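First up is the structure itself, then whatever we jot down about it.
All values derive from a computational prediction rather than experimental measurement. Numbers here are sequence positions counted from 1.
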Amino acid sequence: MRHSSFVIRYLLFPFAVIYGAIVRLRHWCYNVGIFKVHTFAVPTICVGNVAVGGTGKSPMVEYLIRQLKTTQRVGVLSRGYKRKSKGFVLANGNSTVYDLGDEPFQFWKKFKDNIILAVCGNRVEGIEQMLALPEPPEVIILDDAFQHRPVKAKINIVLTAYKQLFTNDWLLPMGQLRDVVSRVQQADIVVVTKCPTSLSQSERSLIEKQLQKKAHCPIVFATIAYDEQVFKQDEAISLSNFIKKPFTLVTGIANPQPLLVYLKEQGADFQHLNFPDHHHFSSEEIQQLQDKCILTTEKDYVRLQSHLQNLYYLPIAMQFLTPSDEHIFGTVFENL
């Protein structure tokens, strides 16, 4: 198996070289001014990565919303991946998951009283439209925008997953990197996400040394904090009671592995149905799920809740491993 994987990577190497050359050429065009870069008076915070999905951008965006919403009018701008709408869309009381996309709709559903949320494939246009509102945002969080070079963010937060550090990965299609590692030099802070809570100081030091060769900025560590309850509309059940009976776990996320490990550690008995990230469930797939007791992620819940009755979700949150990690992270925003 390892041999066949090596052969496949070897065969894909020329395509990775070509992809890398195209990416570097694009960055060069922005760096020398051939392509225009826009800056804005309103502070912009970019949450992104150099890999394809699975680094925990949504929990980070939610963390930032919670930190900022008490003192500033917060805007959140996302591309709205796999939404059915086109162009600039400002979230309102009638917005659906099909208008906004699953992750932006999740933000809107949770924080609609505290944020201005919009989706737009063109981030420059999106920011301009948000700033033209009667009450514009005082700070804008750019969701998954590290590759969007037309906007120069004031603060760049780059995430990398503990199990797949960007320094151990390869460019597409050999690996999961969608951008060259040298881009991380533009980060103001790197957050190593999805770490085990038992991460030792010696391993932390090794990871810091490894990443700082490319990042040249503070490195902090975070983990996934799972809620003690599962939710269904206005109903809440303790996770310990919910897992007393067998259930079906349905996921349409980039990397469900941490969730699988966590549920198994809790002693849960479940069947796992795994779908691609941002998956739009067909009527046939929904029909097959009708009679099952289902646990899913919050992102998947917003796509399934109108179709299934016996459906619950387990919320997650990003949590820094130590108070020191959180303090260092906070210092990045002191001059916001």
| said: Looking at every heavy atom in both Tyr19 and Arg178, which two are closest together, and how far apart are they? | reply: OH-O, 2.6 Å

| query | Looking at side-chain heavy atoms only, is the closest gap between Tyr226 and Gln266 below 4.5 Å? | reply | no

| said: For Val332, run the side-chain contact (heavy atoms from CB on, under 4.5 Å) check against Asp188, Ile157, Val220, Asn156 and tell me which one passes. | reply: Asp188

| Are the side chain of Asp227 and the backbone N or O of Ile316 linked by a donor-acceptor pair below 3.5 Å? | no

| message | Quick check for you: to the nearest 0.5 Å, what is the distance between Ile286 atom CD1 and Ser283 atom OG? | response | 7.0 Å

| note | So the salt bridge (charged side-chain N to carboxylate O under 4.0 Å, His left out) pairs with at least one residue in residues 110-138 (sequence neighbours excluded) are Glu62-Lys110, Lys110-Glu298

| Phe270 vs Leu295, side-chain contact (heavy atoms from CB on, under 4.5 Å): CA-CA, chis, key distance, verdict | CA-CA 9 Å; Phe270 60 93; Leu295 180 66; over 6 Å; no

| query | Hey, does Leu311 have a side-chain heavy atom less than 4.5 Å from the side chain of Thr296? | reply | yes

| field | Heavy-atom neighbours of Asp291 CG exceed 12 at 6.0 Å | value | no

| query | Which pair of heavy atoms, one from His148 and one from Gly121, lies closest together, and at what distance? | reply | CE1-O, 3.6 Å

| task | Report the distance from atom CD1 of Ile141 to atom CE of Met60, rounding to the nearest 0.5 Å. | result | 10.5 Å

| said: Using 0.5 Å steps for rounding, measure from the CZ atom of Arg303 to the NZ atom of Lys299. | reply: 6.5 Å

| message | For Ser95 versus Asn92, what's the shortest heavy-atom pair and its separation? | response | OG-N, 2.8 Å

| message | Is there a side-chain contact (heavy atoms from CB on, under 4.5 Å) between Tyr313 and Val230? Walk through the geometry before answering. | response | CA-CA 5 Å; Tyr313 69 91; Val230 298; over 6 Å; no

| request: Applying side-chain contact (heavy atoms from CB on, under 4.5 Å) between Cys195 and each of Ile207, Ile224, Leu321, report the one that passes. | output: Leu321

| Backbone N or O of Glu103 within a donor-acceptor pair of the Ser58 side chain at under 3.5 Å? | no

| message | Hydrophobic clustering (ILVMFWY, side-chain heavy atoms < 4.5 Å, transitive) - are Val302 and Leu117 grouped together? | response | yes

| Taking C-beta and beyond as the side chain, do Tyr162 and Leu199 meet within less than 4.5 Å on heavy atoms? | yes

| task | Measure from NZ or CZ of Arg183 to the centre of the six-membered ring of Phe146 and say whether it is under 6.0 Å with the direction within 45° of the ring axis. | result | yes

| said: Would you compute the distance between atom CG of Leu77 and atom CG of Asp143 and round it to the nearest 0.5 angstrom? | reply: 8.5 Å

| query | Would you find more than 12 non-hydrogen atoms of other residues, nucleotides or ligands less than 6.0 Å from Lys194 atom NZ? | reply | yes

| In Å and rounded to the nearest 0.5 Å, what is the OH to CG distance from Tyr312 to Leu249? | 15.0 Å

| Ile65, Ile116: one ILVMFWY side-chain cluster at the under-4.5 Å cut-off? | no

| query | Between Arg149 and His27, does any side-chain donor sit less than 3.5 Å from a side-chain acceptor? | reply | yes

| query | Taking everything shown except Tyr30 itself, do over 12 heavy atoms lie less than 6.0 Å from its OH? | reply | yes

| query | Between Ser200 and Ser202, is any side-chain donor less than 3.5 angstrom from a side-chain acceptor? | reply | yes

| Contact check, side chains of Gln290 and Leu308, non-hydrogen atoms, under 4.5 Å | yes

| query | Does any non-hydrogen side-chain atom of Pro136 lie less than 4.5 Å from one of Arg73? | reply | yes

| field | Arg66 side chain to Asn114 side chain, donor-acceptor N/O pair below 3.5 angstrom | value | no

| Is any side-chain heavy atom of Ile34 less than 4.5 Å from a side-chain heavy atom of Trp28? | yes

| Would Ile45 and Lys154 count as a side-chain contact (heavy atoms from CB on, under 4.5 Å) if you check the C-alpha gap in whole Å, the side-chain angles of each, and the deciding distance to 0.1 Å? | CA-CA 6 Å; Ile45 304 170; Lys154 183 167 185 181; over 6 Å; no

| message | Looking at Asp325 and Thr322, would you say the former's side chain and the latter's main chain have a donor-acceptor pair under 3.5 Å? | response | yes

| request: Kindly compute the distance separating OG (Ser78) from CZ (Phe107), expressed to the nearest 0.5 Å. | output: 6.5 Å

| said: Quick check: do Ser324 and Ile328 have side-chain heavy atoms less than 4.5 Å from each other? | reply: yes

| task | For this output row, return yes or no: ring centroids of Phe247 and Phe242 closer than 6.0 angstrom. | result | yes

| message | Could you report the tightest heavy-atom contact between Met318 and Ala222, atom names first, then the distance? | response | CG-CB, 3.9 Å

| query | Is Trp170 reachable from Leu12 through a run of hydrophobic residues whose side-chain heavy atoms are each under 4.5 Å from the next? | reply | yes

| task | Hey, can you tell me if His279 and Phe281 have their rings parallel, tilted or perpendicular (30° and 60° cut-offs)? | result | perpendicular

| task | Work out which heavy atom in Thr297 is nearest to a heavy atom in Asp300; give both atom names and the distance. | result | OG1-OD2, 2.6 Å

| said: Go through it in stages, so that I can follow the logic: the residues are Tyr98 and His280, the test is side-chain contact (heavy atoms from CB on, under 4.5 Å), and I'd like the CA-CA distance, side-chain angles, deciding distance and then a yes or no. | reply: CA-CA 10 Å; Tyr98 302 107; His280 281 297; 4.2 Å; yes

| Is the closest side-chain heavy-atom distance between Glu326 and Tyr63 below 4.5 Å? | yes

| Heavy atoms of other groups near Lys152 NZ, more than 12 under 6.0 Å | no

| task | Examine the side chains of Ser85 and Asp99 and answer whether a donor and an acceptor come within less than 3.5 Å of each other. | result | no

| task | Return each pair, listed once, that meets salt bridge (charged side-chain N to carboxylate O under 4.0 Å, His left out) where at least one residue sits in residues 239-257; pairs must be two or more places apart or across chains. | result | none

| Closest heavy-atom contact between Thr167 and Gln210? | OG1-NE2, 2.6 Å

| query | Mind checking whether His278 and Tyr81 have parallel, tilted or perpendicular rings, split at 30° and 60°? | reply | perpendicular

| When you measure from the side chain of His38 to the backbone N and O of Pro150, does any donor-acceptor pair fall under 3.5 Å? | yes

| So if you build clusters from Ile, Leu, Val, Met, Phe, Trp, Tyr with side-chain heavy-atom gaps below 4.5 Å, do Val47 and Ile140 land together? | no

| Are Ile8 and Phe15 in one and the same hydrophobic cluster, where Ile, Leu, Val, Met, Phe, Trp and Tyr link if side-chain heavy atoms are under 4.5 Å apart? | yes

| request: Kindly indicate, with the supporting measurements, whether the criterion ring pair (Phe, Tyr, Trp, His ring centres under 6.0 Å) is fulfilled by Phe329 and Phe320. | output: CA-CA 9 Å; Phe329 184 82; Phe320 288 102; 5.0 Å; yes

| note | In short, salt bridge (charged side-chain N to carboxylate O under 4.0 Å, His left out) pairs touching residues 19-44 with sequence neighbours left out are none

